[in-house]
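Structure record follows, encoded as structure tokens.
Note: hydrogens, waters and symmetry copies are ignored here, and every other heavy atom, side chains too, is used. In each ligand, atom 1 is the first atom listed, and ligand 1 is the first ligand listed. Just so you know, these numbers come straight off a predicted model, no measurement behind them. Each residue takes its place number in the sequence, starting with 1.
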Amino acid sequence: MPTPRVAAIHDMSGFGRCSLTVAIPILSAMGVQCCPLPTAFLSTHTGGFEGFTFLDMTDELPKVSAHWKSLGLDFQAIYSGFLGSERQIGMVADFILNFRSPGTIVVVDPVMGDHGRIYQTYTPSMCAGTVRLAEQADVITPNLTEAALLLGVPYESLPSDGDGCRKIVEKLSLDGRRSVVLTGASVTPEQTGAMCYDVRTGRTEAVQTRRVPREFHGTGDVFASVLTGALVKGRSLTEAAWEAAEFVRACAERTVRERLPMREGVDFEPLLGLLMGGTV
Ligand code: PXL
């Protein structure tokens with residue numbers, strides 16, 4: 001099988017393990033070529049660090065896209081996440097329009113917030129734009145906070161039990177037009193994982209593993225990166241969600257065992273071997 005190629009449109013945060021510093025090693029470990037299109041360069045992520053730097057890369061996006069187009073590049077997946085400005089929303093939509101072909105999987109992680117709070121750099125119009133961008137996706141990977149924003153309802157009003165999560169993903173599928181993987185969905189208090197609606201089967205299925213009872217930073221990015229890698233390797237949506245959920249659980253358990261601070265993300269590097277099933 002030729003090495004699948006993914007265009008990864010996320011920020012690069014130098015410290016804190018999220019977005020591109022997670023997507024590149026994870027996709028590489030899975031035998032997938034990751035082509036980064038950075039939306040911003042930050043010294044750290046924005047959750048838990050004071051005084052982070054922020055270099056907006058908006059003007060680079062169309063230039064990179066035009067150069068890649070002139071080279072005739074194609075991508076088996078386009079995978080977007082944290083964006084640096086409102087203008088980038090239209091640029092990412094154009095990128096999808098320019099590079100989508102019948103086999104391309106468009107994964108939009110509608111990054112906007114977590115634990116009921118919106119990220120510091122996300123404005124209301126960026127959130128509105130993210131909702132529009134997510135309409136172009138084959139697969140979206142919201143957490144519960146982002147699901148509330150996508151549905152336009154208060155976070156507190158979302159039911160978070162198994163049946164509630166089923167209803168949420170079915171509503172988010174836009175009448176079966178896109179697949180939905182709701183992350184952080186718990187069917188029982190001892191478990192967590194994802195609730196998945198798959199457009200290909202029309203079915204909703206829960207993927208649940210042991211819950212590690214602590215909050216983590218960047219697990220959404222780890223999850224969505226493994227999911228994207230597995231999808232481009234031909235796994236079904238639920239198979240891909242299983243692989244992602246089990247990897248996140250292993251990373252979370254290791255992070256607790258090593259007593260690492262939440263803001264440094266999950267300690268995934270020593271576990272990358274779990275994702276390598278390739279042949280020479
Ligand atoms: O994990 C999502 C994310 C990505 N990128 C940056 C962030 C966050 C969440 O806080 O701050 C820069």
Nearest protein heavy atom with distance in Å, relative to atom 5 (N) of ligand 1: Asp11 OD1, 2.8 Å

Has Gly220 got any heavy atom lying under 4.0 angstrom from an atom of ligand 1? no

When you check the gap from the basic side-chain N to the acidic O, do Arg249 and Glu253 get nearer than 4.0 Å? yes

With heavy atoms and a 4.0 Å threshold, my read on which part of Leu42 contacts ligand 1 is side chain

Answer yes when Asp161 and Arg166 have at least one side-chain N-carboxylate O distance shorter than 4.0 Å, and no when they do not. no

Any ion pair linking Arg132 and Glu135 (charged N to carboxylate O, less than 4.0 Å)? no

Verify same cluster id: Ile78, Ile26 (apolar side-chain graph, 4.5 Å): no

Ring-plane angle category for Tyr119 and Phe82, please: parallel below 30°, perpendicular beyond 60°, tilted otherwise. tilted

For the rings on His45 and Phe15, is their centre-to-centre separation under 6.0 Å? no

Where ligand 1 meets Ser19 - atom numbers and elements under 4.0 angstrom, heavy-atom basis: 4 (C), 5 (N)

Heavy-atom distance to atom 7 (C) of ligand 1: which of His45, Gln120, Met112 wins? His45

Going by the order shown, which atoms of ligand 1 are within less than 4.0 Å of some heavy atom of His217? 9 (C), 10 (O)

Does ligand 1 have a heavy atom under 4.0 Å from the side chain of Asp221, from its backbone, from both, or from neither? side chain

Flag the pair Arg17 and Asp267 as a salt bridge only when some basic side-chain nitrogen lies within less than 4.0 angstrom of an acidic carboxylate oxygen. yes

Show which atoms of ligand 1 fall inside a sub-4.0 Å distance from at least one heavy-atom site of Ser13. 12 (C)

Check each atom of ligand 1 against the heavy atoms of Thr46 and keep those under 4.0 Å away; list them by number with element. 7 (C), 10 (O), 11 (O)

Sub-4.0 Å heavy-atom approach of His10 to ligand 1: no

